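This is a predicted model, so every value here is computed, not measured. All residue numbers in this chain count up from 1 along the given sequence.
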Amino acid sequence: MTVDVRADKPGSRALRGPAGLSLRLEPRALTVGLLLVAAAVTMAVVLIGTGDFEIAPWDVVQTLLGNGTPANDFIVNDLRLPRVVVALLVGAALGMAGAVFQSVSRNPLGSPDLLGFSYGSSVGALVVIVLFKGGATEVAAGALVGGLITGVLVYLLSYRRGIHGYRLVLVGIGVSAMLVAVINYLLTKAKLVEATRAMVWLTGSLAGRDWSQVWPLLATCAVLFPLVLGQGRALRMMEMGDDAAYALGVRVERTRMLLMLAAVLLTTAAAAAAGPISFVALAAPQLARRLTRSPGSNLLTGALMGAVLLLVSDWASQRAFGADQLPVGVVTGLVGGVYLLWLLVTERKAGRI
């Protein structure tokens, strides 16, 4: 593998390998990525030690390495570690999905929350809960199917000689409004126990997560993350416009469909594991882009930022409100609402909306 110094950005280097494969490295983006990894690991250790039975960070590390006491081993590995792993995977999946949608739509508002995919997952889950009285596995399957159907619907309604960013966002907002109405209707038809269960799911929570939620989500991320990252170069070219991408040899519609399908699957898999966690997919890619100061989709740093955001939010949901522990979706909704207002004001001042 050879190293080629590119002239388009100072300090940028491209690693060229066999079969034409290349990887561009930017020192600032690499530094930000390493800092986000360190932050994620630190927050994971802190979060594992957080609870009614406090465990010191060093004891958490010793337990994870297999040198803990039997009590610590049970609390860390059986009770708290699955929740933290789900938080990491859900945050990373949402961060990468948000980066894909914002890049495809060329719009900072293009996220699963606003395009309707999270609401589609919610409708699928509620249908199973309210109409079929399904268990956790059936609810997860319903969320996955609902999100996929919504993704296909939004794509078909948005397609007109290609996908235009603002048309995609507008169609997504319209579909979201209709799905919210369906959610409200299903809640009115539910009995008290079912409505309570549905509201807990709709809020988004990491409480009670175990290894049965980890493995399907881990398998999904293991397949889709390399697939999306492998299309990063084509995605950067598509941001210059479809005509320019065509001229550079990118099969635009095929690539766009593949990336959107992968992003929808990541979103619905995250919703199936933890419910519709709001605003992480919207905020993570934007924050990553501002930290790296790098153009393009920032797929990997967006995923890392999403993981850090969800870990911090989960810690805040357990510690910041005294004895009252909140579902993590409440915290992300509060923070995300403020961020959305700031983003709208910023985009308006810039004349983009």
Side-chain angles (χ1 to χ4, degrees), residues 51-52 79 82-83 86-87 89-90 93-94 112-154 172-217 220 264-281 310 313-314 317-318 321-334 336-337:
D52 294 332
L79 297 182
R83 173 174 179 153
V86 169
L89 294 174
V90 168
L94 291 176
D113 304 319
L114 299 179
L115 295 179
F117 307 125
S118 298
Y119 291 117
S121 296
S122 299
V123 170
L126 288 190
V127 167
V128 174
I129 292 173
V130 175
L131 301 183
F132 298 103
K133 316 297 189 291
T137 302
E138 291 80 9
V139 170
L144 187 64
V145 172
L148 288 174
I149 292 175
T150 304
V152 172
L153 179 63
V154 170
I173 291 174
V175 170
S176 297
M178 292 187 290
L179 291 174
V180 168
V182 175
I183 291 171
N184 291 333
Y185 171 76
L186 290 171
L187 288 175
T188 62
K189 300 294 290 184
K191 296 179 181 179
L192 180 59
V193 174
E194 296 160 356
T196 302
R197 182 184 172 199
M199 287 305 300
V200 171
W201 193 91
L202 287 172
T203 303
S205 175
L206 294 168
R209 295 302 178 264
D210 56 30
W211 292 108
S212 64
Q213 281 91 30
V214 171
W215 302 122
L217 184 57
T220 301
V264 169
L265 284 171
L266 286 172
T267 303
T268 54
I277 306 292
S278 59
F279 287 110
V280 173
L310 196 53
S313 298
D314 193 31
S317 71
Q318 297 183 55
F321 301 93
D324 297 324
Q325 293 191 9
L326 298 179
V328 68
V330 174
V331 177
T332 60
L334 290 172

* **Test side chain to side chain contact (heavy atoms under 4.5 Å, CB included) applied to Ser176 and Leu114, step by step** => CA-CA 7 Å; Ser176 297; Leu114 299 179; 5.9 Å; no
Qualifying residues under side-chain contact (heavy atoms from CB on, under 4.5 Å), relative to [X], sequence neighbours excluded:
X	result
Val145	Ile149
Val200	none
Val182	Val123, Leu186
Ala207	Arg83, Ser205

Can you name the closest pair of heavy atoms from [X] and [Y] and give their distance?
X	Y	answer
Ala143	Ala272	CB-CA, 4.2 Å
Trp201	Ser121	CH2-O, 3.8 Å
Gly116	Thr150	O-CG2, 3.4 Å
Val280	Asp113	N-OD2, 4.3 Å
Ala274	Val90	CB-CG2, 4.1 Å
Ile129	Ala198	CD1-CA, 4.2 Å

How many angstroms lie between atom [atom1] of [X] and atom [atom2] of [Y], to the nearest 0.5 angstrom?
X	Y	atom1	atom2	value
Ser317	Leu334	OG	CG	11.0 Å
Thr188	Ile183	OG1	CD1	12.0 Å
Leu126	Leu202	CG	CG	4.5 Å
Ser118	Leu94	OG	CG	7.0 Å
Leu153	Leu179	CG	CG	8.0 Å
Leu266	Leu89	CG	CG	10.5 Å

* Asked: Mind checking whether Val152 and Leu148 have side chains closer than 4.5 Å, heavy atoms only?
  ->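 Not in contact.
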* Between Asp314 (side chain) and Leu310 (backbone), is there a donor-acceptor pair under 3.5 Å? -> no
* **Thr332 (side chain) donor-acceptor with Phe279 (main chain) under 3.5 angstrom** => no
* Residues in side-chain hydrogen bond (donor to acceptor under 3.5 Å, both in side chains) with Ser212, at least two apart? ->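 Ser212 satisfies side-chain hydrogen bond (donor to acceptor under 3.5 Å, both in side chains) with Asp210 once adjacent residues are dropped.
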* Asked: Tell me the salt bridge (Lys or Arg N to Asp or Glu O under 4.0 Å) pairs involving residues 126-136, sequence neighbours left out?
  -> Lys133-Glu194
* Write out all pairs satisfying salt bridge (Lys or Arg N to Asp or Glu O under 4.0 Å) with one or both partners inside residues 136-152, taking only residues at least two apart or from two chains. =>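 As it turns out, there is no salt bridge (Lys or Arg N to Asp or Glu O under 4.0 Å) pair with a partner in residues 136-152 once direct neighbours are skipped.
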* **salt bridge (Lys or Arg N to Asp or Glu O under 4.0 Å) partners for Lys189, two or more places apart** => none
* Taking atom CH2 of Trp215 as the centre, does the number of heavy atoms from other residues, nucleotides or ligands within less than 6.0 Å exceed 12? ->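 It does not: Trp215 CH2 has 12 such atoms or fewer within range.
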* Asked: Tell me the ring-ring contact (aromatic ring centres under 6.0 Å, His included) pairs involving residues 113-139, sequence neighbours left out?
  ->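 For residues 113-139: Phe101-Phe117.
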